[in-house]
Amino acid sequence: MSITRRRLLATSLNISAISLGCAIAPKWAGANDSNWKEIERVARGQRVLFNAWGGSSNVNAYLQWVAGEMERSHGIRLEHVKVTDTVDVVRRVRTEKAAGKSTNGSVDLVWINGENFLAMKREQLLAAPWVDSLPNGKYVDWEGKPTTRLDFAEPVSGLEAPWGMAQFTLYADRVKVANPPRSTEQLLAFARANPGRFSYPKPPNFHGTTFLKQTLLDLLPTSQRAILYRPYDAGQFETTTLALWAHLDELHPHLWRSGKQFPANAGAMRQQLLDGELLLSFTFNPNEVANEVSAGRMPDTVVSYQFDSGTIGNTHFVAIAFNSAAKEAAQVVANFLISPVAQSRKADLKIWGDPSVLAPSKLMASDAALFNAGRATGQVERFAPVIPEPHGSWVDPIEKEWARRYGA
């Protein structure tokens with residue numbers, strides 16, 4: 001192993017240790033067979049309102065397939081309630097609790113992670129711990145993927161089930177950008193050399209906020225990152241984020257429209273890159289470019305990559321609302337979502353391309369074979385170390401300070 005690779009690995013492990021704290025990978029005992037059969041019995045005939053982002057035709061089609069499988073195998077009616085922003089779901093459940101609506105809520109299952117999970121956990125808006133009851137939990141890579149048990153540095157505590165993986169990934173057309181920037185400092189130099197050809201979505205858009213966190217972590221020495229993996233400390237905010245704002249002050253004059261306006265979202269940036277307006281863009285799905293190339297929506301000269309020193313990565317989850325009227329059926333759906341057949345279909349570039357939360361070593365050979373699709377054009381060639389997300393409580397203060405400085 002090279003010295004550089006050892007340093008990268010040590011950095012990754014150090015960050016993981018900081019964020020993990022005392023969270024230990026579960027020694028999966030598996031669900032009690034008789035209890036699970038009772039859950040399945042009660043679930044039959046229930047309707048599950050799955051509140052999930054509806055902005056992707058691929059995701060929507062996948063959930064339609066899941067709904068068909070649930071109806072066929074368990075007699076469960078799964079309805080995809082399409083949402084634009086999960087924070088709206090949190091507000092709705094919070095309002096229902098304040099109104100005393102302790103059952104028959106508008107949310108059964110919700111696609112969630114990060115600060116939204118933190119808010120629902122702290123305000124007791126989630127159903128009692130249930131993830132340990134899922135039979136397919138035995139396939140999850142709890143040990144190799146620490147973010148399956150820590151959501152933005154907050155212990156999951158059995159309140160949400162892992163569904164997919166994500167990692168900050170950049171992409172560019174190699175015909176136009178032969179040597180894309182491979183660090184935050186190189187990105188600043190790239191922006192200076194190519195004024196108006198890079199930008200990032202306006203926070204609080206998820207991808208825009210992720211860019212801020214990636215930049216902040218890159219600028220902080222590893223020894224000083226520990227503060228970000230603990231709950232927000234107002235007294236430490238100014239000194240912790242000082243380098244971020246100084247960096248953005250340098251970067252913004254060289255952005256698209258001189259940093260006076262920002263793209264609405266990552267989809268808008270993707271289109272700007274395809275139109276030649278931007279030279280560089282980014283996503284949180286490392287398979288997005290391969291998916292777009294496979295579908296013929298992006299030229300096969302576009303390459304995706306990650307910063308050499310590592311990029312932010314996390315797991316996205318599904319959770320059950322405290323006042324769900326279909327808690328049993330919601331568990332059955334969540335269990336199916338982490339089955340080898342559902343995970344392999346989700347990972348298929350022609351269907352969605354969302355990375356799996358399962359450990360190949362835990363699968364039977366026939367199930368593992370479902371994932372062996374081989375490499376595809378546009379996929380990340382060399383994955384960088386995963387940098388865990390900072391604690392979710394830092395998100396709102398960072399977004400508010402960004403808005404104060406640059407929002408106008």
Side-chain angles (χ1 to χ4, degrees), residues 28-54 59-83 86 88-90 92-97 99-112 117 120 124-140 156 158-164 316-346 351-352 354 357-358 367:
W28 199 260
N32 181 286
D33 187 61
S34 60
N35 288 350
W36 183 252
K37 287 188 181 300
E38 177 62 13
I39 289 173
E40 289 183 314
R41 186 193 67 79
V42 177
R44 187 165 292 275
Q46 290 184 343
R47 179 185 67 159
V48 174
L49 298 174
F50 188 7
N51 285 241
W53 182 58
V59 174
N60 295 344
Y62 177 78
L63 290 181
Q64 288 177 359
W65 170 78
V66 171
E69 293 297 300
M70 289 294 91
E71 178 69 37
R72 180 186 61 80
S73 63
H74 288 87
I76 293 171
R77 183 154 55 99
L78 180 68
E79 294 184 11
H80 179 191
V81 180
K82 298 176 183 178
V83 300
T86 309
D88 296 329
V89 181
V90 178
R92 195 169 356 118
V93 178
R94 181 185 293 127
T95 299
E96 290 173 355
K97 183 176 182 179
K101 191 173 185 178
S102 59
T103 187
N104 296 317
S106 61
V107 179
D108 294 312
L109 201 62
V110 56
W111 182 7
I112 193 173
F117 167 69
M120 295 192 80
Q124 298 182 333
L125 301 178
L126 297 173
W130 52 275
V131 176
D132 286 355
S133 70
L134 305 182
N136 288 331
K138 64 186 177 184
Y139 301 125
V140 173
V156 168
L159 296 170
E160 57 180 0
W163 188 22
H316 54 90
F317 301 79
V318 293
I320 302 174
F322 83 99
N323 59 351
S324 166
K327 292 184 176 69
E328 295 83 8
Q331 290 179 62
V332 173
V333 173
N335 185 60
F336 177 72
L337 292 177
I338 55 173
S339 66
V341 65
Q343 285 281 301
S344 62
R345 185 179 179 88
K346 183 167 64 70
I351 295 173
W352 180 351
D354 189 50
V357 298
L358 306 187
D367 287 334

Legend entry - Minimum heavy-atom distance Trp130-Ile320, with the two atoms named: CE2-CD1, 3.6 Å
Inset, instruction - Please round to the nearest 0.5 Å and tell me the distance separating atom CD1 of Ile112 and atom NE2 of His316. - result: 13.0 Å
Inset, instruction - Return the minimal non-hydrogen interatomic distance between Pro162 and Ile338, and the atom names on each side. - result: O-CG2, 3.0 Å
Inset, instruction - Give the minimum heavy-atom separation between Ala329 and Val48, together with the two atoms involved. - result: CB-CG2, 3.4 Å
Legend entry - Contact list for residues 327-346, test salt bridge (Lys or Arg N to Asp or Glu O under 4.0 Å), sequence neighbours left out: Lys346-Asp354
Legend entry - pair Phe322-Met120: side-chain heavy atoms closer than 4.5 Å: no
Legend entry - side chain to side chain donor-acceptor pair (under 3.5 Å) contacts in which one or both residues fall within residues 60-70, not counting sequence neighbours: Glu69-Arg72
Inset, instruction - Report the distance from atom CD of Gln331 to atom CD1 of Ile39, rounding to the nearest 0.5 Å. - result: 4.5 Å
Legend entry - NZ (Lys37) with more than 12 external heavy atoms under 6.0 Å: no
Inset, instruction - Name all residues meeting the side-chain hydrogen bond (donor to acceptor under 3.5 Å, both in side chains) criterion together with Asn323; count only those two or more places apart in sequence or in a different chain, and write none if there are none. - result: Glu96
Inset, instruction - Mind checking the CG-CD spacing from Asp33 to Glu38? Nearest 0.5 Å is all I need. - result: 12.0 Å
Inset, instruction - Check whether the ring centres of Trp163 and Trp352 lie less than 6.0 Å apart, and answer yes or no. - result: yes
Inset, instruction - Can you see which heavy atom on Gln343 is nearest to which on Leu337, and at what distance? - result: NE2-O, 2.8 Å
Inset, instruction - Evaluate side chain to side chain contact (heavy atoms under 4.5 Å, CB included) for Val140 paired with Leu358, printing each intermediate quantity in order. - result: CA-CA 4 Å; Val140 173; Leu358 306 187; 4.1 Å; yes
Inset, instruction - With rounding to the nearest 0.5 Å, note down the distance linking CE in Met70 to CZ in Arg77. - result: 15.0 Å
Inset, instruction - Could you please spell out the steps behind the side chain to side chain contact (heavy atoms under 4.5 Å, CB included) verdict for Val357 and Tyr139? - result: CA-CA 8 Å; Val357 298; Tyr139 301 125; over 6 Å; no
Inset, instruction - Would you confirm whether Glu40, through its side chain, and Val332, through its main-chain N or O, come within 3.5 Å as a donor-acceptor pair? - result: no
Legend entry - Min side-chain heavy-atom separation Asp88-Val83 under 4.5 Å: no
Legend entry - Separation of Ser324 OG from Leu109 CG (nearest 0.5 Å): 8.5 Å
Legend entry - Non-hydrogen atoms of Arg47 and Asp108 that approach each other most closely: O-OD2, 3.4 Å
Legend entry - Verdict with reasoning, Val318 to Phe50, per side chain to side chain contact (heavy atoms under 4.5 Å, CB included): CA-CA 9 Å; Val318 293; Phe50 188 7; 3.8 Å; yes
Inset, instruction - Check whether any side-chain heavy atom of Val89 sits under 4.5 Å from a side-chain heavy atom of Trp111, and report yes or no. - result: no
Legend entry - Distance, nearest 0.5 Å, that separates CG of Asp367 from OG of Ser339: 8.5 Å
Legend entry - Closest non-hydrogen atom pair between Val107 and Val110, with its separation: CG1-CB, 4.0 Å
Legend entry - Check: Asn136 side chain, Asn335 main-chain N or O, donor-acceptor pair, under 3.5 Å: yes
